[in-house]
2 protein chains.
Amino acid sequence: MASLKDIADEVGVSVSLVSKVINDKLGTTGARKELIEAIKAKAEELGYKRNFNSIALLAKRQGAIGVFMHRMGAKGASLTEDSLEGMAEAAHNLNLRMMLNFVTEHEDYIQRLEGLHTGMVDGVVLSGVFHMEAIPLLLKLKKEGLHLVSTFSDPIHESIPNTGLVEEDTCYLSTKHLIEQGCKKIATFDTMPLRTKGFRRAMSEAGLEVNEHLVFPMPQMHTGFKSSTARAALIGALEAGHQFDGICAQSDSQAIGVINELISRGIRVPEDVKVTGIDNSAFCEACSVPITSVDQKPTQRGYAAVEMLEQLIEGKQVESNCVKPELIIRQSSVVS
Amino acid sequence: MASLKDIADEVGVSVSLVSKVINDKLGTTGARKELIEAIKAKAEELGYKRNFNSIALLAKRQGAIGVFMHRMGAKGASLTEDSLEGMAEAAHNLNLRMMLNFVTEHEDYIQRLEGLHTGMVDGVVLSGVFHMEAIPLLLKLKKEGLHLVSTFSDPIHESIPNTGLVEEDTCYLSTKHLIEQGCKKIATFDTMPLRTKGFRRAMSEAGLEVNEHLVFPMPQMHTGFKSSTARAALIGALEAGHQFDGICAQSDSQAIGVINELISRGIRVPEDVKVTGIDNSAFCEACSVPITSVDQKPTQRGYAAVEMLEQLIEGKQVESNCVKPELIIRQSSVVS
DNA sequence: CTGAAAGCGCTTACAG
DNA sequence: CTGAAAGCGCTTACAG
């Protein structure tokens with residue numbers, strides 16, 4: 001690894017000059033053409049690479065950010081991957097190195113967060129599953145000078161800017177769409193309160209009454225989003241004799257489980273029952289009936305979160321914002 | 001951010017002593033108990049965090065590795081995510097920071113690789129999609145002192161240790177299983193030569209002849225693994241009147257497409273046709289008929305690759321190795 | 001136009 | 001038992 005000193009020695013000039021030439025910081029005064037060229041040539045020849053450590057040491061700035069990610073979403077939904085993709089892209093464009101901290105076990109969260117040294121990155125974006133109990137620790141890290149940004153549905157603390165999602169709009173959009181397609185008796189899996197709220201809002205705006213038997217109670221956690229859990233709930237409703245012509249699923253996994261169950265019983269999708277999901281995952285295309293779904297914009301939000309963090313590091317004022325989900329219409333909800 | 005000097009000043013000792021106490025490097029001589037305690041207390045009070053930059057500057061070691069990942073696998077297969085999970089876990093256990101370089105566009109690959117400064121990480125694990133044209137650049141980086149390890153199916157260069165997969169075994173295992181379940185006329189999608197080779201080996205070992213009409217030619221690239229491409233190929237074969245009782249798909253996406261098509265034609269899975277996939281993805285559980293599939297062990301391989309890199313950085317000798325895929329049996333291939 | 005010097009935060013012989 | 005000094009690779013006033 002060649003250093004500035006190596007170049008300086010070989011060319012026969014001072015380290016200062018080499019530094020200035022390499023960084024194009026000669027100012028108005030400049031330097032002799034021959035020297036400039038000799039230095040640049042030698043740097044090239046020696047394969048000179050700047051040493052980030054010494055630069056950071058001097059600048060008191062790391063040029064690096066951390067991503068603290070608790071893996072989220074159903075296996076197959078690729079929310080985590082899409083989100084990382086957006087963050088990595090932004091980090092690259094902003095010339096920031098990106099350190100990944102990937103958590104999978106709930107028990108590890110706090111401990112991993114404690115290992116997040118402030119002298120390693122200029123800031124961190126929190127993502128994935130959030131842990132309420134981490135807030136005091138986060139505020140402590142913030143006080144120690146670590147810039148913090150998050151990308152959850154909603155801000156977790158007034159002092160931590162967030163790139164959110166209008167969560168309520170997910171089911172609002174899909175339910176509204178189902179109504180436009182002629183559905184009157186719509187069911188939903190009550191997995192996430194805000195989503196159910198959006199479902200109710202769309203129903204009420206359309207003047208439709210919600211049949212509470214069709215708001216299937218679900219575990220409000222990981223398992224609630226699963227295909228098999230939704231399938232079981234659906235079977236219960238069918239056996240109880242409840243009637244419906246639309247299902248606003250709160251995940252694609254739920255939707256695919258539901259569609260498989262309906263078809264196996266000879267109930268046609270979308271002719272007899274229309275179905276929508278959430279995540280716009282690979283399931284949507286792979287399902288026997290391609291699934292209408294709501295895109296939560298993970299890549300866009302990941303990108304925005306990193307941009308926001310960069311602003312914060314630069315000392316600018318930033319505010320939490322929200323991305324709107326988008327309905328992607330496929331076969332499961334539209335009779336052609 | 002408190003420094004050693006801050007602590008030294010406040011306690012009234014030298015920086016050297018603080019350094020030794022903080023790092024438990026007092027040696028045999030030791031130091032006065034009161035001082036040790038005073039220093040540790042002050043460090044705690046000031047929230048002292050070691051500065052990684054100065055340490056790296058001195059040690060000529062970064063304590064960080066890079067992951068150069070070209071996102072791979074079908075959307076929904078979560079190979080990339082699973083792989084990252086294993087790498088992150090290993091990095092954490094080995095006390096290494098992990099820098100993620102996430103590439104999605106083919107055109108960017110080389111350029112991104114060039115941006116991989118040697119003074120930033122001690123080594124890099126290459127993963128995901130591989131680019132043949134990158135080899136000269138990789139060898140150059142290696143010569144500059146960057147440790148390199150990869151986790152592709154096969155090693156890409158004799159000088160770059162690899163945590164591989166016995167790719168041929170994927171279809172060998174699934175085909176063998178289909179034969180054990182009574183299949184005699186087995187089809188495959190010829191998407192990856194080594195997988196097709198494994199298919200042929202299993203057939204030949206069982207004394208079964210391969211019907212070349214049932215080796216469906218596929219684009220040997222991304223699109224070849226897709227659900228819709230496989231479905232189209234299957235429809236062609238069905239319309240040509242080819243007979244088969246088993247399908248060894250080369251991805252879960254292919255399998256799910258095939259199963260959906262068969263069922264829609266009233267052909268039963270697994271009773272009439274048995275189907276297997278590869279990836280052991282979320283599709284397997286979500287499909288109307290849960291899919292027997294081959295696990296490529298991405299998490300385990302990611303973990304192993306980082307361990308290997310650490311060994312290399314430590315100056316140890318390492319050798320390429322291979323992980324064996326594992327067959328996960330589900331409903332699509334077994335009549336209960 | 002060019003260079004000497006100080007200093008970022010730390011560790012490691014070495015001296016006392 | 002404790003500390004002064006050198007040095008990792010770099011940048012930035014400042015002096016000439």
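Proteins get letters first, then strands, A, B, ... in listed order; numbering begins at 1 in each. Values below: all heavy atoms of this structure, side chains included; hydrogens, waters and symmetry mates excluded. What you see is a predicted model; the values in this text were computed from it and never measured.
Distance from the side chain of A/Ile55 is smallest for D/dT11 among the nucleotides D/dG3, D/dT11, D/dG9. With distances taken from any side-chain atom of A/Asn51 to the nucleotides C/dC1, D/dT12, D/dG9, the minimum falls on D/dG9. You'll find that the side chain of A/Ser54 is closest to D/dC10, out of C/dT11, D/dC8, D/dC10. Minimum atom distance to the side chain of B/Ser14 is reached by D/dA4, of the listed C/dG3, C/dT11, D/dA4.
Phosphate proximity of D/dC8 to A/Lys5: absent, as no side-chain N or O sits under 4.0 Å from OP1 or OP2. Side-chain N/O atoms of B/Arg50 include one lying less than 4.0 angstrom from OP1 or OP2 on C/dT11. For B/Arg32, a side-chain nitrogen or oxygen approaches OP1 or OP2 of D/dT2 to under 4.0 Å. For C/dT11, the OP1/OP2 oxygens have no side-chain nitrogen or oxygen of B/Lys25 closer than 4.0 Å.
For the strand DNA chain C, secondary-structure stems (runs of at least three Watson-Crick or G-U pairs, all distances below 3.5 Å) span C:1-3 with D:14-16, C:5-12 with D:5-12, C:14-16 with D:1-3.
Side-chain atoms of A/Gln62 and B/Asn53 form a donor-acceptor pair, as typed in the model, at a separation below 3.5 Å. A/Asn93 and A/Tyr303 share a donor-acceptor pair across their side chains, judged by distance under 3.5 Å alone.
Panel note: side chain B/Asn23, backbone B/Lys20; no donor-acceptor pair is recorded below 3.5 Å.
Residue A/Leu4 contributes atom CG, which lies 6 Å from atom P of D/dT11 at whole-angstrom precision. The nearest whole Å value for the distance from the CD1 atom in B/Ile22 to the C1' atom in C/dT12 is 16 Å. Atom pair A/Asp6:CG and D/dC8:P shows a separation of 10 Å (rounding to whole Å applied). The nearest whole Å value for the distance from the CZ atom in A/Phe52 to the P atom in D/dC10 is 11 Å. Distance CG (B/Asp24) to C1' (C/dC10): 16 Å, rounded to an integer number of Å. Taking atom CG of residue B/Asn53 and atom C1' of nucleotide C/dT11, one finds them 15 Å apart after rounding to whole Å. Taking atom CG of residue B/Leu17 and atom P of nucleotide C/dG16, one finds them 19 Å apart after rounding to whole Å. Put simply, CG on B/Leu57 is 12 Å from P on C/dC10, counting in whole angstrom units.
One N or O donor and one acceptor, one from the side chain of A/Lys20 and one from the base of C/dG3, sit under 3.5 Å apart.
At a threshold of 4.0 angstrom between heavy atoms, the contacts of A/Leu35 are confined to the sugar-phosphate backbone, with no base atom among them. Here A/Asn23 lies in heavy-atom contact (under 4.0 Å) with sugar-phosphate atoms only. Residue contacts shown for A/Val13 are limited to sugar-phosphate atoms, with no base heavy atom under 4.0 Å away. At a threshold of 4.0 angstrom between heavy atoms, the contacts of B/Tyr48 are confined to the sugar-phosphate backbone, with no base atom among them.
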Under 3.5 Å, side-chain donor or acceptor atoms of residues 134-145 of chain A against the rest of the protein: list the pairs with distances, not counting sequence neighbours.
unit_1: A/Lys142; atom_1: NZ; unit_2: A/Ser159; atom_2: O; d: 3.4
unit_1: A/Glu144; atom_1: OE1; unit_2: B/Lys49; atom_2: NZ; d: 2.9

Please tabulate, one pair per line, all N/O donor-acceptor pairs under 3.5 Å involving side-chain atoms of residues 98-105 of chain A, not counting sequence neighbours.
none

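Other residues, nucleotides and ligands contribute more than 12 heavy atoms inside 6.0 Å of the CD atom of A/Glu34. Within 6.0 Å of atom CD in B/Glu133, more than 12 heavy atoms from other residues, nucleotides or ligands are found, so the atom counts as buried in its surroundings.
Of the two residues near DNA chain D, B/Leu58 and B/Ser16, the one whose nearest nucleotide lies more 5' is B/Ser16.
Relative orientation of the B/Tyr109 and B/His131 rings is parallel, given thresholds of 30° and 60° on the angle between their planes.
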